[in-house]
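In what follows, a structure is listed as structure tokens, so that the remarks can point back to it.
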Amino acid sequence: MIEIKRGTLIKELFARDGIKGYLVEVDNQQEKCIVYPDMIGEVNPGDEVVLNTSAVSLNLGTGGYHFVVASLNTRGQSLTPGGHIMKLRYTPVQLKVLSVEEEDSPHREQMLQADSLDNIPVLVGTLHSMLAPLCQVLKTRGLKVAYVMTDGAALPISFSRTVDWLKKNNLLQGTVTVGNAFGGDLEAVNVYSGMLAARTVLQADVIIVTMGPGIVGTGTKWGFTGVEQGEILNAAETLNGIPVAIPRIGFTDQRPRHQGISHHTITVLSRICRVKAIVPLPLLEEKKMSVVMEQIENAGLFNRYGFCVEDSQQFIELYRNCELKLTTMGRGVDEEKDFYLTLGAAALTAIKLYNGDRPGYISMV
């Protein structure tokens, strides 16, 4: 069930491509809401709107924003030309997109022929906060990066301030939204065709695949949306890409399951991924490195994957000076340094793979 309330828009708070924020009066209080104009049409201050207030009532991670379902002042909105693939299918807000694969697409012929990722690196993560640091490092080497956003979390890509910033600063070659995610430079039916579009249409040197903002976790072994990482790694191998699994590593989170290598990563690598992916590790201080190595050994993963270690300390200052404030789970670069060192290591590994160089593989004797 959802919680629905009426409100009146007061003033615009922000606007980006595909998304606007408003101050809204609801229940005689001033609160915040988000409008997706492509879905409900244009709105103006003074309009009476219908709000989905469920997430705020549950104190979920939307930044305290309600979502506008409809404007009661609208005069209607017509379909834009082209495309017939539906996303958010069979819901009141199902929307039509022009998918990169379909007959009306200008890229139809390319996609008919697309069958390989041409042995380029595919960096597969589990958190949206991994995206910007990866792009920063890859850009220092001049690589063309495409982002494939899955439907594991936020569905509209316009919800991501990170993507907006990356595109405005030319750190992304382009974006592809797959499954029920929508709003990318290209739309694709699934992650396979999405990755092929990233390579064939966007001409990416490196592909990053991860969900948008808002991973779902339950504290159970299997109940988290990051399980998709294993399936995407399998897909990358199927399409002749080089699957690179980005581990979630940190020592700040107070929850034991996320200490060292997160249980999310261990579950994906031990039970879901079925290909010999490359797993980059950061060079950490000795005590932390020992914890990580012990976790990998106890899970029996050393013989299944290509673990490599990269010294990525050089990028910490790059992250600190980023115009976009980098955070993961609300913690910044210095609070979660090991997490960011891991992303630097993953990007360095991708650079080596793209250049045909051998990563610094390790093994347990």
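Please read these numbers as outputs of a predicted model, since none were measured by experiment.
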May I ask you to decide if [Y]'s main-chain N or O and [X]'s side chain share a donor-acceptor pair within less than 3.5 Å?
X	Y	value
Gln94	Tyr90	yes
His66	Leu51	no
Arg304	Ser270	yes
Ser262	Arg248	no
Asp151	Ala153	no
Thr265	Ile261	no

Flag side-chain contact, heavy atom, 4.5 Å: [X] against [Y]:
X	Y	result
Lys139	Gln136	no
Phe339	Ile249	no
Leu131	Cys135	yes
Arg16	Arg161	yes
Asp47	Leu72	no
Lys337	Val333	no

Can you tell me how far [atom2] of [Y] sits from [atom1] of [X], rounded to the nearest 0.5 angstrom?
X	Y	atom1	atom2	result
Arg108	Gln113	CZ	CD	11.0 Å
Leu166	Thr175	CG	OG1	10.5 Å
Met86	Asn180	CE	CG	10.5 Å

Within the 3.5 Å criterion, strictly below it, is a donor on [X] or [Y] matched to an acceptor on the partner's side chain?
X	Y	value
Glu187	Thr177	yes
His128	Thr210	no
Ser54	Glu3	no

Determine, using the 4.5 Å side-chain heavy-atom cutoff (strictly less than), whether [X] and [Y] are members of one ILVMFWY cluster.
X	Y	answer
Ile232	Val189	no
Val24	Tyr65	yes
Tyr319	Ile351	yes
Val69	Val26	no

Under 6.0 Å between ring centres, would you say that holds for Tyr340 and Phe315?
-> no
Tell me whether [X] is salt-bridged to [Y], with the criterion being a basic N under 4.0 Å from an acidic carboxylate O.
X	Y	answer
Glu231	Arg274	no
Lys167	Asp17	no
Lys276	Glu237	no

Restricting to non-hydrogen atoms, name the atom on [X] and the atom on [Y] that form the minimum distance, rounded to 0.1 Å.
X	Y	result
Thr220	His263	O-CE1, 3.4 Å
Val148	Ala198	CG2-CB, 4.0 Å
Leu353	Pro359	CD2-CG, 3.8 Å

Name all pairs fulfilling the salt bridge (charged side-chain N to carboxylate O under 4.0 Å, His left out) condition that reach into residues 340-350, sequence neighbours left out, sorted by first residue then second.
-> none
When Leu343 is tested against each of Thr328, Val137, Ile246 for side-chain contact (heavy atoms from CB on, under 4.5 Å), which residue passes?
-> Ile246
Ring-face cation contact, Phe182 with Lys87, 6.0 Å cut, 45° max = no
Taking atom OH of Tyr354 as the centre, report whether more than 12 heavy atoms of other residues, nucleotides or ligands fall under 6.0 Å from it.
-> no
